[in-house]
Amino acid sequence: MDVFEAPGTAPESAAATQTAAASTGAPTAEDEQGLARFLELIESDARVEPTDWMPAAYRKTLVRQISQHAHSEIIGMQPEGNWITRAPSLKRKAILMAKVQDEAGHGLYLYSAAQTLGTDRDTMFEQLITGKAKYSSIFNYLTPTWADMGSIGWLVDGAAICNQVPLCRASYGPYGRAMVRICKEESFHQRQGFEILLSLMNGTDAQRQMAQESVNRWYAPALMMFGPPDEDSPNSQQSMAWKIKRFSNDDLRQRFVDMLVPQAEILGVTLPDPDLKFNEETGHYDFGELDWSEFYEVLKGNGQANTVRVAKRRAAHENGAWVREAARAYADKQAAAAEAAALAANEMVAA
Ligand code: FAQ
């Protein structure tokens, strides 16, 4: 095994080398010390911080996952943003606006965490608006009914919590710390979604039907948010060895299903899976096969809304150019004023 691979890594992902070492071909003494310290941090469940030595592949994996996560939050504002003007009451509108604003905030923490790894925000934005970057498959589904605001909160935020609570212990400090705040807000998001569905289920027949029809559409895509089955997940093993991910995609999916069943009973909705059944032996709910061809089609850009989601983000980015320019001009002006004041103060001292 190459010394620059973390324990348990697949040898074929030989990219686990520090940049400096890779450029000269041979690891330096500093790299070797850095690696030993890195492995110690991982093994002792301590945090890796931005100034610590880390393998280049660890850095790359983090940038990939954190930037995809940030993009998901930003694109994820659209399906619900679509309902802000049509929310059924002032109270619902205020809650939905607050939730969508939280998602913008999550995106910003996550972009900041990715920036600590040396990838600048403009590069990440560029990757998103040119369609090169991935974001969660779930946000390529449409939201034709108000009940979809309930399903997104209950199912999508519910899946996000199951996936993200373990990420609070991610080995990379800035990511884990960002996740703590994000998870607190996601818990509120999930409850508000549950409460929308509960209100509809306690309403008229038409409202109950609307809630059930929405759950029928969102259930399977929400289960796919955890990523492909473990045997088809190229990144899980390495990410778990590095303690970025703490559980496999299938383990988290199972937790999610186990969590949903009793909540669905309280709501009075039926989860759309005829194979869903409690297994006395395992103590978990067995569930039916998911249609993974749909997942891969969405990833390829052929989901219901891929084109419109990226186009909207690109337009928003371009329309906001003047704000970025104004902010930059203001910052330059402030910096010039501070420099002039410092110069004047120095001159006074010298006089
Ligand atoms: N969608 O080897 P793995 C939210 C890709 S929650 C699209 O298993 P990994 C809150 C994967 O990137 C949603 N692509 O990958 C909210 C990889 O491709 P790559 C965001 C997916 O990284 C709620 C390939 O498939 N949450 O935003 C998906 O070990 C409501 C092979 O997969 C996070 O991002 C997918 N669902 O595991 C906001 C959580 N799944 O990069 C608004 C952090 C997999 O090699 C409204 N991320 N792929 O080209 C993670 O935990 C992981 O990255 C996984 C994927 C679990 C998503």
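Read the numbers this way: they start at 1 and go in the same order the structure lists the ligands and their atoms.
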One residue to check: [X]. Relative to ligand 1, which of side chain, backbone, both or neither has a non-hydrogen atom less than 4.0 Å away?
X	answer
H189	neither
D232	neither
K134	side chain
N163	side chain

Sub-4.0 Å heavy-atom approach of [X] to ligand 1:
X	value
E186	yes
E80	yes
P234	yes
Y175	yes
L167	yes

Check: of R253, M77, K245, min heavy-atom distance to atom 29 (O) of ligand 1 comes from K245
Per-atom contacts of ligand 1 with [X], taking only distances under 4.0 Å to non-hydrogen atoms:
X	result
G76	42 (C), 46 (C)
Q164	6 (S), 26 (N)
A160	6 (S), 10 (C)
Y135	1 (N), 7 (C)
M224	36 (N)
G227	40 (N), 44 (C)
V156	23 (C), 30 (C)
L299	1 (N), 7 (C), 14 (N), 25 (O)

Protein residue, atom and distance nearest to [atom], heavy-atom basis:
atom	answer
atom 56 (C) of ligand 1	F226 O, 3.5 Å
atom 24 (C) of ligand 1	N235 ND2, 4.5 Å
atom 22 (O) of ligand 1	R64 NH1, 3.0 Å
atom 57 (C) of ligand 1	M225 O, 4.0 Å
atom 48 (N) of ligand 1	F295 CZ, 4.1 Å
atom 16 (C) of ligand 1	F139 CZ, 3.6 Å
atom 4 (C) of ligand 1	E73 OE2, 3.8 Å
atom 1 (N) of ligand 1	S137 N, 2.8 Å

Heavy-atom side-chain proximity of [X] to [Y] below 4.5 angstrom:
X	Y	answer
S171	Y58	yes
I138	W218	yes
R64	H69	no
P228	F295	yes

Can a protein heavy atom be found under 4.0 Å away from atom 50 (C) of ligand 1? yes
Look at atom CZ of R121 and say whether more than 12 heavy atoms of other residues, nucleotides or ligands are closer to it than 6.0 Å. yes
Would you please classify the geometry between the F256 ring and the F226 ring as parallel, tilted or perpendicular, with 30° and 60° separating the classes? tilted
Can you list the residues that meet the ring-ring contact (aromatic ring centres under 6.0 Å, His included) rule with Y109, with sequence neighbours excluded? none
Do Y111 and H71 make the cut of ring centroids closer than 6.0 angstrom?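 Centroid distance Y111-H71: below 6.0 Å, so yes.
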I want to know if ligand 1 touches N249 in the polar sense, i.e. an N/O pair below 3.5 angstrom. yes
Check this for me - ligand 1, S239, N or O atoms closer than 3.5 angstrom, yes or no? no
Check whether NZ of the Lys or CZ of the Arg R47 lies under 6.0 Å from the centre of the six-membered ring of Y172 and within 45 degrees of that ring's axis. no
For N279 and T282, indicate whether the former's side chain and the latter's backbone hold a donor-acceptor pair under 3.5 Å.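 It does hold such a pair.
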Checking salt bridge (charged side-chain N to carboxylate O under 4.0 Å, His left out) between K99 and each of E73, E186, E80, E185, which is the one that passes?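 Going through the options one by one, the only one that passes is E80.
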N-O pairing of [X] and [Y] below 4.0 Å:
X	Y	value
R313	E318	no
K300	E297	yes
R314	E126	no

Going by distance alone, is a donor N or O of one side chain under 3.5 Å from an acceptor N or O of the other, for N140 and Y135?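 Present: a donor and an acceptor within the cut-off.
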Indicate whether the side chain of Q212 and that of N216 have a donor and an acceptor atom separated by less than 3.5 Å. yes
Full working for side-chain hydrogen bond (donor to acceptor under 3.5 Å, both in side chains) between D258 and H284: CA-CA 6 Å; D258 290 345; H284 296 287; 2.4 Å; yes
